[in-house]
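To start, the structure itself, in structure tokens.
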Amino acid sequence: AAAADAKPFARPQTPTEHLVLEIWAKHLPGSQDTPISCTDNFFEIGGQSLLAGKVSSALRKAGFDQCSIRYLYNSPTIQSLAAALDQMTH
């Protein structure tokens with residue numbers, strides 16, 4: 001049974017959330033076995049500074065050229081990071 005405080009699984013809702021999820025899944029260990037929710041904290045599901053660097057680099061290559069590792073520390077969920085990235089492009 002799931003813990004009482006478990007958050008409901010959040011699927012990606014925007015194109016940016018889909019992109020971030022795809023990049024996280026490519027870099028996070030175990031993500032092939034356990035689906036990533038858009039409300040999961042990157043650093044609580046296996047992310048660490050080296051992976052954060054790889055993820056921010058992949059996001060820069062995907063067109064978010066101002067994305068630094070700081071974005072991931074300030075916005076460690078797919079929902080919050082995608083929102084921050086979308087703000088960057090407008």
Gln48 side chain to Gly46 backbone, donor-acceptor under 3.5 Å: no
With distance as the sole criterion, is a donor-acceptor pair present between the side chains of Thr16 and Thr14 under 3.5 Å? no
Using 0.5 Å steps for rounding, measure from the CD1 atom of Ile69 to the CG atom of Leu59. 11.5 Å
Closest non-hydrogen atom pair, [X] against [Y]:
X: Ile78; Y: Ser37; result: CD1-O, 4.2 Å
X: Leu21; Y: Pro12; result: CD2-CG, 3.7 Å
X: Arg11; Y: Gln13; result: O-NE2, 3.0 Å

Applying side-chain hydrogen bond (donor to acceptor under 3.5 Å, both in side chains) as the test, list every pair that has at least one member in residues 73-82; sequence neighbours left out. Thr77-Ser80
Listed once per pair and sorted, the ring-ring contact (aromatic ring centres under 6.0 Å, His included) pairs that draw on residues 13-35, sequence neighbours left out: Trp24-Phe42
side-chain contact (heavy atoms from CB on, under 4.5 Å) against [X], all qualifying residues, sequence neighbours excluded:
X: Ser57; answer: Arg60, Lys61
X: Ser68; answer: Arg70, Tyr71
X: Ala25; answer: Ser31, Ile36

Test item: Cys67 and Leu85 side chains (from C-beta on) under 4.5 Å apart, heavy atoms: yes
Enumerate, atom names and distances included, each donor-acceptor pair closer than 3.5 Å involving a side-chain atom of residues 49-56, sequence neighbours excluded.
unit_1	atom_1	unit_2	atom_2	d
Ser56	OG	Ala52	O	3.2
Ser56	OG	Gly53	O	3.1

